Structures are given as C-alpha cells and as structure tokens.
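Computed from a predicted model, the values in this text were never measured in an experiment. Within every chain, numbering begins at 1; the chains are lettered A, B, ... in the order of the sequence lines, protein sequences first and strands thereafter.
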Amino acid sequence: MITLVTALLVTAVFLRALGGYLATRDPMQRAITLIFLPPVAVCVNALVRQILGAPLPTAVSASTTALLMLQPYLTLRLTARLRHVPTWLDRTLLISLVASIVAVAAAPRPLNVGYLLLASGTFTVTEVIAGTYLLIGAQRRSGAARARLRLAAVATYAFVAMMLMLYTGAALSPSTRSWLAPAGRVVALVSAVGYLIAFMPPAWLRRVMSATVWYEATEDLQRLPSAVSTAQVWRRFVQVVHETTGTDAVVLVRTARGGRLEQVAAVCRSGASLPHDPMPELTDKDLALLLAARQPVTAGSTRRPAPALATYYAQATGARLVTALELSLSADECGAVLLMDRYQALFTTDDLRLTAVLGGQAQALAERSTTLAEQRRLSEQLAESVDALTHASQAKSDFLAGMSHELRTPLNAIIGFSDLMRAEHPDGDRRTVPADWVDHIHNSGRHLLGLINDILDLAKVEAGRLELNPEPLALDVAVHEVITGLRPLTDRKGLEVVIDVPQVAVRADPLRFRQILDNLLSNAIKFTPEGGRIALSAAGEAGEVALSVADSGVGIAAEDHARVFEEFQQVGSAAQRQAGTGLGLALTRRLVEAHGGSIVLQSELGEGSRFTVRLPDATAEMPAAAPTALPVTGPVGAARGRVLIIDDDARAAELLMTYLAAAGYQVRVAPGGEEGLAAARAWVPDAILLDVVMPGLDGWDVIRELKHEDPLRGIPVFFATIIDDRKAGMSLGATDFFVKPVDHDLLLAQLARHVVPAGNDAASVLVVDRDDQTRRVVEQHLRDGGIDVVACDDGPEGLRLSRDRRFDLIICDLQMADVDGFALLAGLEGDPATRGIPVLALTEPDLSDADRVRLTGKVIGTMPRSAAASDGVREWVDLAAVASTLSDARGNGAQQ
Amino acid sequence: MSKVLLVEDEELNRVLVRAILARATDDVIREVELVEAGSLQRARDALTESPVDVILLDVNLPDGNGLSLAADLSTQPDRPQVIALTASVLPHERAAAMSAGCDAFLDKPYGAQDLLKILARHLAL
C-alpha cells in the first residue's frame with residue numbers, strides 16, 4: 001500500500017516538473033525534472049514488482065539502480081547552474097559515480113558489504129557536496145528564497161538518508177529489509193515533496209511566500225523620508241531589488257529625449273563598479289530588442305548573440321545573464337530595470353514579478369516626490385514673492401518717512417525764522433530783521449529746493465519718465481565746468497584737485513551728466529577732510545568710458561557699499577555722517593543706469609573712496625575738428641566788452657564770471673536786483689546776464705526797469721535762470737534766454753554776436769571761394785551780422801590778402817581751380833605771418849574720408865557749402881573772434 | 001531760574017531755538033538758562049553735570065535715537081520734563097516716542113509761538 005501511494009505521489013511530482021519544463025523549455029526546469037527521474041524510476045520499479053509479484057528482468061532492475069546512483073550528479077548539475085562548481089570536482093565525482101556503478105553491476109550477487117559501502121560512499125559524498133552548495137547559496141539570499149534553497153538542501157540530504165536506508169537494508173537481513181525499503185520510499189517521497197516545494201511550489205504557496213517578501217520589500221522601499229527626490233526613490237528601488245533578489249547588479253535605465261538611453265540608478269555587488277551612463281550609441285531600439293527576449297539573455301553566447309544593451313552591461317558588471325523588465329518611470333517615461341547575474345537565478349519568475357510590483361510602488365513614490373517637490377517649489381516661490389512685496393512696501397514706507405523727515409528739517413528753519421521775523425518790531429510797513437535770519441531762511445529754502453528736485457528726479461526715473469537727450473560730450477570740458485562751479489567749496493577746505501582726463505567723449509544727456517558729476521564731486525568734497533585730495537581720472541575701455549572720482553576721505557566699510565546707493569541711507573558712524581539729502585548717490589546711480597551705464601564703489605574705511613562711472617564711449621562721434629573748449633582760466637579784463645552779472649547765487653555767478661573772463665570779457669557781479677540796477681547805471685555794461693529768482697527785485701522787475709531807462713534800454717539782456725519761461729523773458733525785451741545750467745559755448749557765441757564793445761573793431765573775415773554766387777551770399781550774410789568781410793575768388797589772392805592783414809577767420813572753399821584748398825592751407829601754415837589764423841573749410845557733401853583726415857588739425861571746422869549762409873557760419877566767426885581776442889590779450893600780457 | 005537742555009544736532013535749529021528764546025516776552029522764559037548739546041553723548045554729559053527742568057529732545061541724533069535718553073530718564077525720580085522735537089511724524093514714530101516716556105511732542109516745522117507755549121507749560125509743571 002505504502003509502495004503504491006509513494007509511487008503515485010512521486011510520479012505526480014515528476015509529471016508536474018516535466019509539465020513545467022515543457023511549458024517554459026527553461027534549462028533550469030529541465031535540470032529539476034531530471035532530479036526527479038531516478039526516484040520515479042525506483043518507485044515505479046517497486047510498484048510493478050509488487051503488482052507482478054515477481055522480480056523484474058535484471059536489465060530493468062540494474063538500469064533503475066544505475067539511474068538512482070547517478071541522481072547525486074544530477075543534483076550537482078542543478079547546483080552548478082546556480083553557482084560556480086569547479087570542473088575538477090564535477091569530473092571527479094562523475095567518474096567515481098560511474099566507476100562505482102560499473103563495479104556494482106559487475107559484482108557477484110548478492111553484493112557484499114564492500115560493494116555496498118563503495119556505492120553508498122560515492123553517492124553520499126556527491127549528494128552531500130551538492131546539498132552543501134545549495135545551503136551556501138541559501139546564505140546569499142533572504143526571505144522565502146533562502147527558505148526554499150534550504151528546503152532543497154534538506155531534500156537532498158533526505159535523499160541521502162533514503163539511499164543509506166536502502167543500502168543498509170540490502171546489507172541486513174530480509175526481515176529488516178521488508179520494513180526498511182518502504183520506509184526509504186517514504187523518505188524519498190518527503191525528499192521529492194521538498195524539492196517540489198522548493199523549486200515548483202503550488203500557486204497558493206508561492207503566493208503566500210511572495211506576499212511576505214513583497215511586504216517586506218515594499219516596507220523597505222517605503223521607509224524613505226517624504227522629502228526625497230525622484231532620483232533618490234529610484235536609487236532606493238534598485239537597492240531593494242538588489243537585496244531581495246540577490247542579483248549581482250541592478251540597473252534602471254530610461255528613454256531620454258531623442259531615444260537616448262539614460263541610467264537612472266544602478267547598484268552592484270560590492271567591489272564591482274558601474275559606468276554612469278549607457279554608451280551613447282545605445283538607444284531605445286536596443287532596449288526594445290532586449291525586452292523582446294522575454295527571458296534571461298546570455299551574453300557572449302555564440303549560438304544566439306545577445307542584444308547590444310545586454311552585452312554592454314554584462315561586460316560592465318562581469319555578468320553573464322541579463323534579464324530586462326519593462327517599467328514605466330512615470331506617466332510619460334518609459335524605462336526598464338536590468339538584472340545582471342553571473343549564474344542563473346533560481347527563482348527568476350518570482351524575482352521578476354516582485355521587481356515589477358516594486359517598480360509600481362517606486363513609480364508611485366517617485367510621482368509623489370515630484371508632486372511634493374513642485375509643491376515645495378511653488379510655496380518657496382510664493383514665499384519669495386511675499387518677501388519681495390513686503391520688502392518693497394517696507395522700502396516705500398521707509399522712503400516716505402525719510403522724505404518727510406528730510407523735508408521738515410529745512411522747513412523748520414524757514415518757518416521758525418520767518419515766524420520770528422513776523423514778531424520783529426514793525427517800522428511802518430517794514431520790519432528790521434537780523435540779516436542772519438534771512439540767510440538761514442534762504443539757505444534752507446535752497447536746501448529744500450535741492451531735495452525736491454532730487455525727489456522729483458528720482459520719481460521720474462522710477463516712473464521711467466526721465467527724458468534723456470544723449471549726445472556726445474567731451475569729458476574734459478564737462479569735468480572742468482563742474483569743477484569750476486565747485487571751486488569755492490574745494491578752496492574753502494583747501495582740497496587739492498587733480499584732474500587727469502584725456503580727450504574722450506561719453507554719450508550722455510549734458511544736463512544729467514553734469515548732475516552726476518556734480519553729485520559725485522560734492523560727495524567727495526563733503527567727505528574729504530581739510531587739506532585732502534580729490535582725483536578725477538578717465539579712460540576708455542571696451543566701448544565705455546570709465547570716469548573715476550577718488551577722494552582721500554573717510555572711506556566706506558565694505559558692508560555698507562551697497563547701501564550708499566539707496567535712498568536716505570547715510571552710512572558710517574555718526575561722527576562721519578554729514579549733512580546731505582541722502583538722495584544724491586541714489587539718484588546718481590539711477591541716472592547712470594538710465595544712460596545704460598553703471599557705477600561702482602571701491603572703498604575701505606580710512607582708505608578713501610573711489611566711485612567709477614561707466615558710460616557709453618562716444619569719442620568716435622565727436623566732430624573731427626570741433627571748436628575746442630575755451631580755456632577756463634585766462635587773462636581777465638581784456639577789452640572784449642563789459643558784462644554785468646546779476647545773480648544772487650554766488651556759485652552760479654562765479655561760474656559765469658569764470659567763463660566770460662576767460663573769453664576776454666570784463667565782468668562784474670551784482671548779488672541782487674537792486675544792486676544790479678545800481679551797477680548798471682553806474683557802469684553801463686555792454687551786456688547784462690540776469691537771473692530771475694532773487695530776493696527783493698527779481699529778474700522780471702530788473703529788466704522792466706532797464707528797458708524804461710536811457711541809456712540802459714539799449715544794453716542787451718540775457719537771462720540765465722532756472723525758470724524756464726523764455727516767452728516771458730523775450731516779451732520783456734530780453735535778447736536771449738538761457739536756462740541754467742547754461743550752455744556756455746552758446747552763451748559766448750550769443751554775447752560775441754550782440755556785444756559790440758566801444759572802440760573795438762568788428763570781427764574780420766576773409767572769404768575765399770571760386771563760386772561767385774556762394775561767395776556773394778556768404779559775404780552778404782556775414783556783413784548783415786556786423787562782420788567786416790573781405791572776399792576773393794582764388795587761392796594766391798587769398799594768401800596775399802591774409803599776409804597784408806590779420807583776419808579773425810578765413811572761410812575757404814576746398815575745391816578751387818588753380819590752387820586747391822589744401823595748397824592754401826599749406827601756404828598759410830608755411831608763413832609765420834599767417835600761421836594760426838583759424839580756417840573754416842566749406843566742403844562738398846561727398847568729402848572723402850582721406851580728405852577729412854588731411855583736414856584734421858588744419859581747420860577749426862568744416863561746413864557744407866550749402867549751409868554756408870546759415871547762422872552756423874556766424875557762430876564760427878564769433879568763436880574765432882573770441883579766440884583771436886584771447887590770443888591777442890595773451891600776446892599783450894607776454895609783452896608786458 | 002529754570003534750566004533747559006536742548007539736544008539737537010542741526011546747528012541751524014539750535015540757532016533758531018536760541019533766537020526764539022531770546023525774543024520771548026514771557027518772564028519765565030526770559031530767565032531760562034539754555035544748555036545746548038549736539039549729540040546724545042553730550043546730552044548725557046550735560047545731565048550728569050547739573051539737573052535740568054526741561055529737555056527739548058531731537059529724535060534723530062548722529063550717535064543714536066534721542067528716545068533712548070527719554071527712556072533712560074523715565075525710570076528716574078524727579079526727572080525733567082521731556083519734549084520731543086521731531087521731524088518724524090508718522091504714526092508709528094509717534095507711538096515709539098510716546099512709549100519711550102516723552103511728556104510732549106513738538107512737530108517740526110514749528111513756529112516760535114508753538115515752542116514758547118509748550119515750553120512755558122512744561123516749565124510750570
């Protein structure tokens with residue numbers, strides 16, 4: 001009975017294994033199936049013998065025994081698929097097994113103990129070695145896989161026990177054999193069931209085992225902190241797969257843009273190393289090819305070449321088998337996980353299923369982390385915007401508070417002192433008040449005006465409504481102008497001002513540029529102690545001109561460098577803080593930036609400060625031979641004419657006076673309307689420069705008075721004021737109207753035109769032009785302007801005339817028939833009597849660049865022939881006349 | 001004779017207060033001895049030298065906030081009256097001055113009569 005049941009069960013196990021192999025054709029399944037063959041043969045043999053009641057033919061019985069004795073080797077072969085078994089061991093065991101089979105087969109019956117020991121010995125040794133290999137293999141795995149491998153080892157040992165029982169039975173008495181044989185078959189059955197559970201568990205058992213592993217692996221994966229990146233999730237995933245499946249290496253790849261493969265995460269057995277990325281020539285097509293194999297691919301197999309991706313990773317990891325499993329990394333990202341092994345994994349199907357499940361989990365985690373990261377990014381962004389808004393709002397209220405405070409400070413003096421004045425003792429409709437108070441009010445008022453102007457400018461810049469009219473500005477001229485205006489301040493503090501500015505030009509709005517320069521210089525003056533030094537330097541660099549204002553003042557600590565450009569921020573210790581609006585540098589920076597420039601500060605405490613402004617270079621745009629700036633210092637009092645300046649602003653008056661004196665005018669300054677009228681009556685100047693806003697009689701009152709009085713009525717009056725009301729000025733009889741800051745060149749030109757000093761000859765001009773009509777038009781035009789004109793139509797005549805008489809200017813046509821313009825220029829240059837007479841060249845519009853270069857330095861300017869009768873020509877004459885007066889004056893000075 | 005300490009860094013504003021006091025008709029004010037300090041430190045020095053009846057205190061001083069002086073004084077017994085002269089008139093600035101223990105405020109710009117009135121009132125206290 002036992003024999004029957006055993007036989008049936010063992011056969012069932014065998015058939016199940018065979019079925020499994022036929023379904024998958026997996027070599028591993030085949031090896032397992034083969035292990036079951038000997039027990040089946042033994043059991044069937046016993047069953048048939050029992051049914052027949054007679055022993056089977058010797059051949060059948062012998063081959064069954066031989067097959068049974070070969071079983072340990074089949075187990076060893078299975079083991080060799082899972083891990084390395086040395087070839088020598090394999091061969092030795094096989095030979096000894098075959099030898100013992102042959103020996104037993106040839107031995108006389110019944111077998112004596114020696115043969116039985118030989119047979120059982122070789123069997124046991126081989127089987128125990130195979131079983132031990134399985135046990136070692138179990139150590140490398142975890143969870144159910146380990147249990148299953150251990151079960152397989154136990155099954156192997158059980159099989160050994162069964163064989164030993166059989167051999168023992170054969171050696172002992174038949175009575176013992178009668179119970180020992182069936183018992184041995186039961187043990188064989190147990191062994192077979194063990195193998196079955198280990199290698200081909202029933203579906204329910206497989207599910208139970210997998211569930212445990214999956215649970216643990218999933219737990220492992222989920223044990224990630226919530227704030228991890230997607231990359232971290234996938235690294236964890238390959239780690240868990242690596243640990244759970246015991247695979248040599250795990251790589252996760254994904255299809256990047258353009259079909260390129262990208263390695264997302266990788267892990268391998270310690271000691272080995274993986275490249276960071278798949279080979280660039282591997283694409284999604286290679287991946288598809290590997291996935292299509294649907295089972296482990298053996299790299300290096302010559303029979304069936306493996307896909308390139310498998311070969312690449314097999315080589316990289318030293319593995320032989322590559323298994324690929326498709327995995328979606330996110331909703332729109334395809335990828336695959338690759339498992340690399342040197343030996344066949346025992347439970348590939350289970351491992352793959354587990355990997356797929358884990359992959360799904362990891363994808364969910366990765367998506368969660370992406371969402372969280374996005375959420376974090378958005379909330380950070382939001383926090384940043386809130387911060388920025390709060391900061392902006394704070395800055396705005398700080399600005400308002402600062403502004404209110406700054407405005408109230410000068411207002412306090414104005415209101416306070418004027419309030420006091422109202423209480424002073426009246427004398428009819430007048431009050432006698434201390435002069436100081438008036439000064440205090442006036443100074444505070446000007447301070448207030450400066451503040452308001454700065455604030456308005458800032459607001460304009462802020463609103464983008466600052467109107468800039470950039471034009472090429474000669475830097476040296478502008479610097480001298482501003483420095484001249486600030487001279488009283490530098491003189492008061494005994495500051496040394498060093499100017500090293502080459503002839504470069506910047507592209508800037510003239511008014512705003514002066515404001516920038518004025519702010520920087522005022523600042524430098526303010527923060528430099530008495531006897532200090534201020535240096536201005538400039539250099540062109542890469543399309544920009546860098547202008548530096550350096551002082552030997554207190555310096556600014558590095559941490560305050562950014563703050564000095566902010567509104568109402570005065571930095572440094574209290575003792576170093578100076579009176580000021582706190583707006584100057586903020587405005588300066590805005591103005592510079594509005595010009596497309598930049599401003600930087602270099603400074604250290606106690607080491608002075610250097611502000612460097614960079615503005616677009618416009619040196620190339622400057623006219624080649626523009627009238628050079630008139631020297632700002634020069635002999636005073638030359639008899640070009642007498643000019644009275646009526647202006648209460650001593651600084652502005654001094655600036656004008658410097659220019660006019662340099663240009664050869666005799667200048668007097670009256671600090672107010674009444675003083676101005678008195679001076680005009682007493683001195684009778686040739687021209688009057690008049691400010692509008694003045695205490696007492698203002699500019700409007702003064703011009704009304706002047707125009708009602710002989711002989712003052714005829715004196716040309718030029719307004720020079722901050723009030724931009726040209727119409728009012730002209731209607732009151734002004735000759736011209738200048739808004740401060742005054743364009744000095746223009747002012748000088750206008751003065752030269754309108755001031756005809758008593759006893760002085762009018763400017764004299766020689767016109768040399770071959771074209772009768774042009775010559776006549778120019779001649780007439782200049783004569784209308786009160787200029788003494790001599791004209792001729794050829795070069796030699798022109799030369800002769802210019803030797804006879806000193807002209808203020810020669811206007812000459814460049815293209816003349818006999819002697820061309822260049823020859824005339826050379827002739828003038830060659831004679832000491834004519835050298836230095838300024839020449840204005842009339843040119844054709846198509847003047848070549850080469851000619852332009854030839855003219856450079858030889859003429860004071862060029863003008864198209866077509867414009868020869870314009871006001872422009874008269875301005876050139878005025879300029880030349882001024883220059884000529886000046887050089888005469890210098891000459892006289894030298895003689896004295 | 002009363003003693004008034006003027007703490008103010010702007011020279012012009014000190015001149016103004018001096019002028020206002022000099023032109024006053026009120027006898028009490030005419031008899032006032034005015035001590036001037038251009039910084040917080042000078043003010044503290046002046047106070048240790050001799051006590052005063054009233055302090056006219058500018059808030060924005062070069063070496064710190066004038067309110068710190070008011071706060072220090074507020075814990076003293078027999079302390080002088082503190083009148084904050086300030087150009088900072090925004091609500092939160094006023095609240096800060098109040099909590100620092102100032103007895104009165106005079107906003108800049110102030111007229112001569114404003115100063116005289118408030119000074120007379122606090123000298124009488």
Side-chain angles (χ1 to χ4, degrees), chain A residues 393-426 431-448 451 527 554 568-582, chain B residues 6-26 29 37-44 56 58-66 68 84-97 105-119:
Chain A
S393 146
Q394 183 61 39
K396 200 162 204 166
S397 48
D398 286 354
F399 179 79
L400 281 175
M403 197 165 77
S404 156
H405 179 264
E406 291 298 326
L407 293 176
R408 278 163 195 275
T409 301
L411 265 176
N412 194 50
I414 295 172
I415 292 191
F417 284 109
S418 56
D419 202 27
L420 279 174
M421 287 178 177
R422 293 196 305 167
E424 287 300 282
H425 192 66
R431 288 181 212 274
T432 308
V433 298
D436 280 1
W437 295 3
V438 181
D439 288 347
H440 295 331
I441 292 175
H442 180 76
N443 291 336
S444 298
R446 292 206 77 96
H447 180 71
L448 195 59
L451 267 174
F527 290 101
V554 291
F568 295 120
Q569 295 281 352
Q570 288 205 355
V571 300
S573 69
Q576 291 164 359
R577 275 177 19 194
Q578 307 274 335
T581 65
Chain B
L6 169 65
V7 190
E8 166 71 75
D9 62 326
E10 294 269 346
E11 165 70 16
L12 202 52
N13 284 333
R14 289 206 298 273
V15 173
L16 176 63
V17 172
R18 223 182 291 149
I20 292 175
L21 296 192
R23 290 290 196 280
T25 48
D26 185 329
I29 305 255
S39 71
L40 210 50
Q41 191 50 50
R42 294 256 175 82
R44 288 183 199 279
L56 294 172
D58 182 24
V59 172
N60 285 281
L61 290 164
D63 54 345
N65 193 317
S68 66
L85 302 178
T86 171
S88 314
V89 293
L90 297 186
H92 66 273
E93 296 166 325
R94 192 178 281 274
F105 306 96
L106 188 57
D107 290 338
K108 289 181 187 173
Y110 48 79
Q113 290 311 312
D114 303 328
L115 179 69
L116 292 174
K117 256 186 236 161
I118 203 164
L119 192 56

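- Neither the backbone nor the side chain of Val17(B) comes within contact range of chain A; no heavy atoms are under 4.5 Å apart.
- At most 12 heavy atoms of other shown residues, nucleotides or ligands fall within 6.0 angstrom of atom CZ in Arg42(B).
- Taking CG from Asp107(B) and CZ from Arg408(A), the interatomic distance works out to 6.0 Å, rounded to the nearest 0.5 Å.
- With sequence neighbours left out, Ala24(B) forms a side-chain contact (heavy atoms from CB on, under 4.5 Å) with Ile29(B), Leu116(B).
- Counting heavy-atom pairs under 4.5 Å between each of Ser39(B), Ala19(B), Pro109(B) and chain A puts Pro109(B) at the top.
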Without placing hydrogens or testing angles, list every side-chain donor-acceptor pair under 3.5 Å for residues 410-421 of chain A, not counting sequence neighbours.
unit_1    : atom_1 : unit_2    : atom_2 : d
Asn412(A) : OD1    : Tyr110(B) : N      : 3.0
Asn412(A) : ND2    : Asn13(B)  : OD1    : 2.9
Ser418(A) : OG     : Ile414(A) : O      : 2.6
Ser418(A) : OG     : Ile415(A) : O      : 3.2
Asp419(A) : OD1    : Arg422(A) : NH2    : 2.9
Asp419(A) : OD2    : Ala112(B) : N      : 2.4

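- In this structure, OG in Ser404(A) is found 11.5 Å from NZ in Lys108(B), a value given to the nearest 0.5 Å.
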